[in-house]
Protein chains: 2
Amino acid sequence: MNQTTKNYSIGFRIWINEEHGHFLGIGRVKLLENIRETGSITNASKAMKMSYRQAWQMVEDMNSASAKPLVEKMLGGKGGGGARVTEAGEKAIKLFYKLEEKVKKFSNELGNKIRL
Amino acid sequence: MNQTTKNYSIGFRIWINEEHGHFLGIGRVKLLENIRETGSITNASKAMKMSYRQAWQMVEDMNSASAKPLVEKMLGGKGGGGARVTEAGEKAIKLFYKLEEKVKKFSNELGNKIRL
DNA sequence: AACCGGTATGTTTTTTGAAACATACCTGAA
DNA sequence: TTCAGGTATGTTTCAAAAAACATACCGGTT
């Protein structure tokens, strides 16, 4: 099997759309995971390189794009409040990774056949 | 078949990587096509909403990432010069679209099964 | 009722990528 | 040998996105 040219592979990005546009991509999924880990948007945003404002807006956007909210926010009270990932959120995370994995496998197979 | 939630679909982007990184995505492919149509980088860049500088740089990048150049440039002479898509370039365009089509089919199938 | 720490939101500043501008070079044809 | 029109490349301007800053609100706890 002599390789006369370069090796190529396929790169990709996927995201989930709902009827009115973008719903969930890797950025939002990562944010969800960080919220789950840290218990608040503030701490999640610190854990990533992201401003609170931006993280908060992302949560807002994905919640309103979703049939059921992916993040539940708590205002005031003990510790000032916080945020948690809902059951719907957990399902969305799992689904996204499952889809990504499948597309990865598929595109890897395609990539292996590339000859240029 | 009663639909209790929203309809979802999968969006995606693919590109071809060679050993040292990005090689060809939809932006470069569109540029190639415009160069083929217009015969020069200048006119291709005008046809798209793109500065000559950027288009020229894209050609430079993809040519140097490729085993064989995808665009052949002519300096001076009749009409001041120009650019044409090589045989290798045409092959790359075709390949990209073929791959994209396959991934599209695949992800559409996945998308149809989404229930959230 | 004062405190704490997170949410919510408006305003200003900074960054940075893109576009615009400018100019030199190249070469066949007239 | 000048002209035309595209390539090649440096410099400056501009605009959009991101970050930074500032401040009000919220509600258990003490």
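First the proteins, then the strands, lettered A, B, ... as listed; each starts at 1.
Salt bridge annotation for B:Arg36-B:Glu90: present, with a cationic side-chain nitrogen under 4.0 angstrom from a carboxylate oxygen. A:Glu19 has no carboxylate O lying under 4.0 Å from a charged side-chain N of B:Lys6, or vice versa, which leaves the two without a salt bridge.
Across the helix from C:dA1-D:dT30 to C:dA30-D:dT1, the helix axis at one end is tilted relative to the axis at the other end by 10° (nearest 10 degrees, each axis from five pairs).
Between B:Tyr8 and B:Leu116, the closest side-chain pair of non-hydrogen atoms falls below 4.5 Å. Using a 4.5 Å heavy-atom cutoff, the side chains of A:Asn43 and A:Asn34 are not in contact.
Across all non-hydrogen atoms, the minimal contact from B:Ala83 to B:Val71 is CB-CG1, 3.9 Å. Between A:Lys73 and A:Asn63 the shortest heavy-atom distance is CE-ND2, 4.5 Å.
Remark: B:Leu75, B:Gly76, B:Gly77, B:Lys78 in residues 73-90 of chain B come within less than 4.0 Å of DNA chain C through at least one heavy atom. Heavy-atom distances under 4.0 Å link DNA chain D to A:Arg53 of residues 25-53 of chain A, given in residue order.
Applying the salt bridge (Lys or Arg N to Asp or Glu O under 4.0 Å) rule to B:Glu37 yields no partners; only residues at least two apart in sequence or on another chain are considered. Applying the side chain to side chain donor-acceptor pair (under 3.5 Å) rule to B:Gln57 yields the partners B:Asp61; only residues at least two apart in sequence or on another chain are considered.
Looking at heavy-atom distances under 4.0 Å, B:Glu60 makes no contact with the nucleic acid at all.
The side chain to side chain contact (heavy atoms under 4.5 Å, CB included) test with B:Trp56 is passed by exactly one of B:Arg53, B:Gln54, B:Glu60: B:Glu60. Residue B:Val103 forms a side chain to side chain contact (heavy atoms under 4.5 Å, CB included) with just one option from B:Ile14, B:Asn108, B:Ile10, and that option is B:Ile14.
Note on ring orientation: taking the six-membered ring where Trp is involved, the planes of A:Phe106 and B:Phe106 are parallel (angle under 30°, cut-offs 30° and 60°).
Heavy-atom contacts of chain B under 4.0 Å fall on DNA chain D between two terminal nucleotides, which in 5' to 3' order are D:dG5 to D:dT11.
Between B:Phe12 and A:Phe12, the distance separating the two ring centers is not shorter than 6.0 angstrom.
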